[in-house]
> 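There's a structure below that I have some questions on.
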Amino acid sequence: MPAVRGDGMRGLAVFISDIRNCKSKEAEVKRINKELANIRSKFKGDKTLDGYQKKKYVCKLLFIFLLGHDIDFGHMEAVNLLSSNKYTEKQIGYLFISVLVNTNSDLIKLIVQSIKNDLGSRNPVHVNLALQCIANIGSKEMADAFGSDIPKLLVSGETMDVVKQSAALCLLRLFRTTQEIIPGGEWTSRIIHLLNDQHMGVVTAACSLIEALVKKNPDEYKGCVSLAVSRLSRIVTASYTDLQDYTYYFVPAPWLSVKLLRLLQHYPPPDDPGVRGRLNECLDTILNKAQEPPKSKKVQHSNAKNAVLFEAISIIIHSDSEPNLLVRACNQLGQFLSHRETNLRYLALETMCLLATSEFSHEAVKKHQETVINALKTERDVSVRQRAVDLLYAMCDRSNAEEIVQEMLNYLETADYSIREEMVLKVAILAEKYAQDYTWYVDVILNLIRIAGDYVSEEVWYRVIQIVVNREDVQGYAAKTVFEALQAPACHENMVKVGGYILGEFGNLIAGDTRSAPAVQFQLLHSKYHLCSAATRALLLTTYIKFINLFPEIKSQIQDVLKSNSNLRSSDAELQQRASEYLHLSVTTTTDVLATVLEEMPPFTEKESSILAVLKKKSGRMSAQEAQREARVQAREGNAAPATEKAQNAQLKTKPSSNAAFPIPQLNNSTSADLLGLSTPPATQNSIQSNTGVLVDVLGDLYGGGGTNTHNGTTTPASLSMSGATDNIKKFVCKNNGVLYENDIIQIGIKSEFRQNLGRIGVFYGNKTSMPLQAFNPTVSVGPGQQGKVTVQVKPVEPSIDAGAQVQQLVNCECIEDFNGLPDLTVGFTYGNVPQRLALHLPLSCNKFFEPTDMNGESFFARWKNLSGPLQEAQKIFKATGPMETASIKTKLLGFGMQLLEGIDPNPENFVCAAIIHTRTQQIGCLLRLEPNRQAEMYRLTIRASKESTAQILADLLAEQF
Amino acid sequence: MMQFMLLFSRQGKLRLQKWYEAHPDKVKKKITRELISTILARKPKMSSFLEWKDLKIVYKRYASLYFCCAIEQQDNELLTLEVIHRYVELLDKYFGSVCELDIIFNFEKAYFMLDELMVGGEVCETSKKNVLKAIAAQDLLQEEEAEDDAMYYGGYNIRML
């Protein structure tokens with residue numbers, strides 16, 4: 001038994017020894033049960049337990065808990081210990097509570113009372129114990145009870161430094177529980193000024209608090225930027241002896257440095273040139289230090305130094321405004337790519353992914369392509385290889401796509417099972433995105449199926465079919481290639497599916513060659529039939545009926561197959577139905593009818609690849625795999641459920657192009673329903689219908705995510721009727737004024753005006769009821785798509801709205817750079833004692849900062865040609881959701897904010913527009929062309945913009961409007 | 001913000017757990033089990049970081065004991081390794097060449113020390129001197145209280161020499 005420090009508790013040490021000496025699990029359990037019985041009887045019976053004994057038993061219980069046993073008593077004794085006047089007893093009481101009590105409501109009141117006493121103690125160690133306990137539990141009750149005391153403690157001149165440190169972090173914890181507890185006004189500057197405190201420990205603790213506050217309200221805490229920069233500058237330029245014990249292995253205050261750099265990442269680069277210059281100097285110095293020889297060989301030295309370096313690189317990437325620093329950061333990371341420390345290689349790969357997305361450093365990152373590919377081949381740690389895959393994906397562009405895709409395919413052959421699925425998705429996306437020649441794309445996808453067929457999800461093979469159907473130039477090649485792939489003696493079932501579908505549509509294109517004559521194609525497919533699952537067989541049956549149309553010469557052969565008992569009397573209802581319906585179709589109809597019903601598939605609606613949605617879902621960190629699984633279950637249900645299919649068929653029936661009178665017109669369409677039904681991202685299945693693929697990506701979680709509730713903008717308790725709630729947010733892309741939201745209680749109207757990069761939005765809240773709305777608190781916050789790119793300043797409003805009254809709230813906003821999505825507008829209030837919360841969005845989209853620009857045809861076309869970079873253009877082809885009237889299209893385009901240029905497009909049906917987006921940092925020129933196709937009820941929208949990414953944002957916004 | 005810290009042995013026995021985010025016991029046990037088996041399966045030369053759900057795991061082995069922290073996406077991995085190291089240094093200084101047994105027998109001290117270093121999942125005091133000073137002050141109180149007890153019991157245990 002090792003020495004026990006301090007007074008120790010002999011009984012505890014003996015008990016621990018006993019447990020350790022137990023030879024078996026059973027013996028241990030027996031010993032524990034004996035002890036538990038003993039403690040229970042002591043707590044119950046013996047009234048004369050003194051503090052020491054109570055402490056000892058509580059400690060034993062803690063130990064038993066740490067061994068993994070459940071503890072269901074002793075809480076009361078622990079709470080009693082809190083009020084002991086002996087520090088050690090109090091301390092053990094607090095320990096037990098912080099480890100074992102989560103939010104056991106019966107006790108919380110008692111605990112809160114004890115904490116209150118200790119907070120008021122004159123002994124700082126007691127105060128600290130209380131603060132640490134609050135920080136550990138951090139429940140709402142505690143926020144309510146101490147929310148006003150702790151800020152005072154934090155800024156008081158009389159508080160000792162150690163207490164201030166705990167108080168800062170305690171307050172942070174409570175703030176995370178209840179955002180309202182932080183007082184505003186003069187407190188703001190007092191809290192910010194903690195960054196100037198003499199005691200480094202106080203600054204370190206306060207910095208975490210300030211970061212959290214800044215995240216919530218960047219404008220209010222803006223003052224911290226210059227203080228943080230000067231503090232950082234003092235640390236960075238300090239010699240390692242200056243900061244004494246806050247120097248860690250020759251690195252001055254690494255923790256504080258990292259926290260300060262983190263804090264600064266919540267703001268754009270400082271406006272004040274002096275502050276900005278100083279910050280850049282700091283970053284420069286940190287990059288320089290990385291090149292100096294190490295002051296110690298210890299790993300602690302290099303870790304601490306590099307921790308600061310990575311944080312500095314992170315802020316450089318975040319600002320994305322200093323090309324020189326970005327390139328230096330990239331070179332530094334390049335060195336780490338071949339460092340002997342695995343940790344550094346891991347982090348370098350991870351951070352470079354971010355650099356690859358900046359236009360300034362994308363090219364510099366590409367220089368390391370070979371090293372990264374090498375990492376993929378040689379790294380022994382799968383998590384490092386995963387990072388290499390991520391980076392290759394991020395650095396891929398048109399110039400290196402073929403090589404990167406090839407390397408990823410090579411790696412896939414031996415890749416760890418855990419990352420195969422994600423890799424397949426990535427390869428599929430890259431191949432589609434950067435294909436200059438679609439034969440290459442088809443080859444890549446078929447290779448994917450060959451190499452990793454099990455990991456090729458439905459989305460991937462649906463997509464290749466969509467593309468082949470839509471591109472005439474690749475159909476013959478695809479048919480030839482799948483035919484060859486199917487020759488392999490063992491080919492994956494996904495290959496059979498793709499092959500079946502493509503040959504059914506385009507088998508005729510290769511039928512001229514005797515080696516792939518109709519009968520040969522049919523034999524080849526049918527040789528796989530018996531090895532396949534029912535779903536695949538169903539698909540093949542459709543291929544067969546299509547063959548009857550394409551190749552009348554093998555009709556009887558196919559009819560034999562349809563007639564066979566295994567199909568016509570299949571135990572699988574779907575197979576049975578298809579076999580009998582197809583058989584009838586082939587027997588009873590004329591070739592003309594047959595040709596109409598079984599005509600080639602029409603092109604699919606172009607939309608963003610559904611694979612991308614899947615990948616996003618997958619890499620959305622929280623239980624990615626579960627989400628994926630769920631998505632696939634949903635997708636499969638959508639496929640399998642006959643109801644869905646029938647509904648779709650019913651819809652098709654009503655269309656004039658389909659033969660409504662015909663007895664079995666669904667046949668052809670049932671496969672198309674499979675494809676169409678599933679190709680929409682599953683996340684949005686039950687919300688907004690049209691063009692869902694687009695919507696998900698533009699508006700982030702606006703309609704998806706939080707379930708159908710958020711769609712209506714309400715998450716109210718069921719008790720209150722919120723019928724007839726309407727959320728008009730979508731309409732505001734093309735207008736500035738109107739009713740944003742309305743339900744039975746409240747109406748929210750918007751009046752907004754924009755000039756250059758500034759805007760003012762008036763939000764009007766009208767109380768429709770005969771009772772006042774209390775605790776009225778609307779808040780606006782920017783989401784991830786807008787963080788640092790747009791600022792919103794919200795004027796506070798009165799906390800109540802009288803019956804029938806209306807209040808106005810002003811929101812000032814500024815566009816810093818182009819941004820995605822809309823800020824959140826959360827409106828909280830109580831109506832008749834029922835708390836209400838409306839989760840809405842502020843109608844502040846990127847296009848609001850447009851200034852219409854007039855120009856003639858010549859300069860329009862010259863500019864159009866100039867903007868030909870791959871990311872400068874975004875194109876969308878989509879179905880019209882409303883009538884395609886010229887007047888309403890014009891109104892929308894004008895409302896969108898662009899200048900309508902008449903008489904420029906040679907085709908008078910088309911519309912062209914021009915405008916400039918004003919941001920704080922730059923002006924982005926934007927050109928637009930909209931081509932309606934009234935016959936097909938489709939639009940093609942093309943937008944070009946001088947800044948990459950902007951075109952896509954705008955296209956996504958506008959495509960929603962037609 | 002650090003979400004939790006776990007100390008466990010090479011045999012997979014949990015020695016200390018500190019949760020900065022509240023979870024039901026069942027969830028805690030599940031997380032602990034999963035992480036212990038994941039980390040024990042990793043080879044020595046592998047990186048000290050891994051992605052786990054939406055968190056980043058940072059771990060390091062000291063002798064027979066693994067120290068494992070879960071941090072959030074924006075937190076700094078390398079510096080978390082050094083939080084672990086600073087903690088080990090503190091334990092080492094306090095116990096004098098700390099070993100797993102010291103932590104088993106004095107788990108409460110290990111907790112107290114961690115509470116000085118980290119509060120609410122954030123680093124509070126990084127100075128070794130200051131943390132040890134705080135712990136020494138606690139020990140002093142403890143000894144004074146023990147003496148008081150001795151007096152109370154009639155002075156029989158007062159040392160004669």
Side-chain angles (χ1 to χ4, degrees), chain A residues 1-2 4-7 13 16 20 52 59 62-63 66 68 70 86-88 91-92 95 99 102-103 125 131-132 135-136 138 162 165-166 169-170 172-173 200-201 204-205 208 245-246 248 253-255 258 262 300 303-304 306-307 310-311 342-343 345-347 380-381 383-384 621-623, chain B residues 1 14-18 20 22 24-25 29 42-43 45-51 53-55 73-74 76-79 81-83 85-86 94-95 99 101-102 104-109 111-112 115 119-130 134 137-139 141-143 145-146 149:
Chain A
M1 203 171 24
V4 178
R5 297 285 293 256
D7 77 334
I16 296 175
R20 290 185 51 75
Y52 170 79
C59 236
L62 246 178
F63 182 76
L66 291 178
D70 294 330
K86 290 219 172 70
Y87 179 73
T88 52
Q91 199 181 19
I92 293 292
L95 178 60
V99 174
N102 269 343
T103 30
V125 288
L131 288 171
Q132 286 164 2
N136 268 315
V162 279
Q165 284 168 271
S166 306
L169 294 174
C170 187
L172 167 58
R173 175 60 204 260
M200 293 283 276
T204 309
S208 296
D245 214 30
Y246 288 91
Y248 181 83
W255 279 278
V258 164
R262 248 312 5 123
Q300 283 75 29
N303 277 353
N306 291 327
F310 273 105
E311 212 58 60
T342 315
N343 288 344
R345 295 198 303 276
Y346 177 101
L347 293 176
R380 283 188 294 175
D381 181 349
S383 42
V384 183
R621 320 261 178 192
M622 195 61 171
S623 64
Chain B
M1 170 193 172
L14 189 61
R15 295 300 183 204
L16 207 73
Q17 47 173 322
K18 182 80 183 178
Y20 294 107
D25 281 345
K29 278 187 181 163
R42 287 174 66 87
K43 300 195 180 66
K45 279 275 173 169
M46 288 187 165
S47 87
S48 311
F49 318 131
L50 49 125
E51 301 233 310
K53 308 243 163 116
D54 57 340
L55 298 175
Q73 284 306 323
Q74 69 277 8
N76 192 307
E77 293 98 333
L78 284 173
L79 213 50
L81 272 181
E82 296 320 302
V83 170
H85 187 75
R86 176 108 293 181
Y94 182 78
F95 290 109
C99 64
L101 272 189
D102 291 313
I104 297 175
F105 278 91
N106 301 282
F107 65 91
E108 79 284 10
K109 278 284 172 214
Y111 269 117
F112 299 151
D115 280 342
V119 173
E122 301 283 353
V123 171
C124 180
E125 177 55 270
T126 65
S127 154
K128 198 156 66 174
K129 239 181 4 206
N130 288 354
Q138 293 176 12
D139 280 350
L141 276 173
Q142 189 171 329
E143 274 158 35
E145 284 167 7
D149 280 345

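Lettering of chains follows the sequences in order, A, B, ..., and the numbering in each one begins at 1. None of the values given here were measured: they were computed from a predicted structure.
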> Can we say A:D381 and B:K43 salt-bridge, meaning some charged N sits less than 4.0 Å from an Asp/Glu carboxylate O?
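No salt bridge links A:D381 with B:K43.
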> Grab the two heavy atoms, one from A:C59 and one from B:F107, that are nearest each other, plus how far apart they are.
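Reported closest heavy-atom pair: O-CZ, 3.5 Å.
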> Ignoring hydrogens, what is the shortest heavy-atom contact between B:D115 and A:N136? Give both atom names and the distance.
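Taking B:D115 first and A:N136 second, the nearest heavy atoms are OD1-ND2, 4.1 Å.
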> Would you say A:N343's side chain and B:S48's backbone share a donor-acceptor pair under 3.5 angstrom?
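Such a contact is found between A:N343 side chain and B:S48 backbone.
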> Under a 4.5 Å heavy-atom cutoff, which of B:A137, B:S127, B:A134 has the most pairs with chain A?
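Heavy-atom pair counts peak at B:S127.
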> With a 4.5 Å limit on heavy-atom distance, are the side chains of A:T88 and B:L141 in contact?
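They are not in side-chain contact.
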> Return the option, out of A:S208, A:G68, A:A135, A:A205, with the maximum number of heavy-atom pairs under 4.5 Å with chain B.
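Maximum pair count with chain B is reached by A:S208.
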> Can you tell which part of A:L347 gets under 4.5 Å to a heavy atom of chain B, answering side chain, backbone, both or neither?
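Side chain of A:L347 only, per the 4.5 Å heavy-atom cut-off to chain B.
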> Go through A:T342, A:N306, A:V125, A:D70 and name the one with the most non-hydrogen pairs under 4.5 angstrom from chain B.
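Greatest number of close heavy-atom pairs with chain B: A:T342.
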> Answer with side chain, backbone, both or neither: which region of B:R86 has an atom nearer than 4.5 Å to a non-hydrogen atom of chain A?
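When you check distances to chain A, atoms from both the backbone and side chain of B:R86 fall under 4.5 Å.
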> Contact part of A:L66 toward chain B, heavy-atom cut-off under 4.5 Å: side chain, backbone, both or neither?
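Its backbone and side chain both get close to chain B.
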> Using non-hydrogen atoms only, which part of A:Y248 is less than 4.5 Å away from chain B: side chain, backbone, both, or neither?
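Looking at A:Y248, just its side chain touches chain B.
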> After noting the C-alpha distance and the side-chain angles of A:F63 and B:E108, does the key distance pass the side chain to side chain contact (heavy atoms under 4.5 Å, CB included) rule?
CA-CA 9 Å; A:F63 182 76; B:E108 79 284 10; over 6 Å; no
> Which residue, B:K129, B:E125, B:K128, forms the side-chain hydrogen bond (donor to acceptor under 3.5 Å, both in side chains) with A:Y246?
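Testing A:Y246 for a side-chain hydrogen bond (donor to acceptor under 3.5 Å, both in side chains) against B:K129, B:E125, B:K128 leaves exactly one candidate, B:E125.
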> Against chain A, label B:F49 side chain, backbone, both or neither, depending on which of its atoms sit under 4.5 Å from a heavy atom there.
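Both backbone and side chain of B:F49 come within 4.5 Å of chain A.
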> Which residues pass the side-chain contact (heavy atoms from CB on, under 4.5 Å) test with A:A253, sequence neighbours left out?
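For A:A253 the side-chain contact (heavy atoms from CB on, under 4.5 Å) partners, ignoring immediate neighbours, are A:M200, A:I235, A:L243, A:L256.
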> Report yes if the side chains of B:E122 and A:L172 come closer than 4.5 Å at any heavy-atom pair, otherwise no.
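The answer is yes; the side chains approach within 4.5 Å.
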> Sort A:R20 into side chain, backbone, both or neither according to what part of it lies under 4.5 angstrom from a heavy atom of chain B.
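Just its side chain gets close to chain B.
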> Does any heavy atom of chain B fall under 4.5 Å from the side chain of A:V162, the backbone, both, or neither of them?
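It is neither, since no heavy atom gets under 4.5 Å.
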> Hey, does B:R42 have a side-chain heavy atom less than 4.5 Å from the side chain of A:S383?
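Heavy-atom side-chain distance check passes, below 4.5 Å.
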> A:R262 side chain to B:N76 main-chain N or O, any donor-acceptor pair under 3.5 Å?
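Answer holds: no.
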> For B:E77, check salt bridge (charged side-chain N to carboxylate O under 4.0 Å, His left out) against everything at least two apart and list the hits.
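If we apply the salt bridge (charged side-chain N to carboxylate O under 4.0 Å, His left out) test to B:E77, skipping adjacent residues, the hits are B:K56.
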> Below 4.5 Å from any heavy atom of chain A, which atoms of B:L81 appear? Answer side chain, backbone, both or neither.
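B:L81 touches chain A through side-chain heavy atoms alone.
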> For A:R380 and B:M46, work out which heavy atoms get closest and say how close.
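So the minimum-distance heavy-atom pair works out to O-CE, 4.1 Å.
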> So for A:Y87, is it side chain, backbone, both, or neither that comes closer than 4.5 Å to the heavy atoms of chain B?
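Both backbone and side chain of A:Y87 come within 4.5 Å of chain B.
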> Tell me, with the steps shown, if A:L131 and B:V119 meet side chain to side chain contact (heavy atoms under 4.5 Å, CB included).
CA-CA 9 Å; A:L131 288 171; B:V119 173; over 6 Å; no
> Is the side chain of A:Q165 donor-acceptor paired with the backbone N or O of B:C124 at a distance under 3.5 Å, no angle test?
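Side chain of A:Q165 to backbone of B:C124, a donor-acceptor pair under 3.5 Å: yes, one is there.
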> Going through the distances and angles, do B:M1 and A:L169 end up as a side chain to side chain contact (heavy atoms under 4.5 Å, CB included)?
CA-CA 11 Å; B:M1 170 193 172; A:L169 294 174; over 6 Å; no
> Tell me, do B:L79 and A:F310 make a side-chain contact under 4.5 Å, heavy atoms counted?
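No - every pair of side-chain heavy atoms lies 4.5 Å or more apart.
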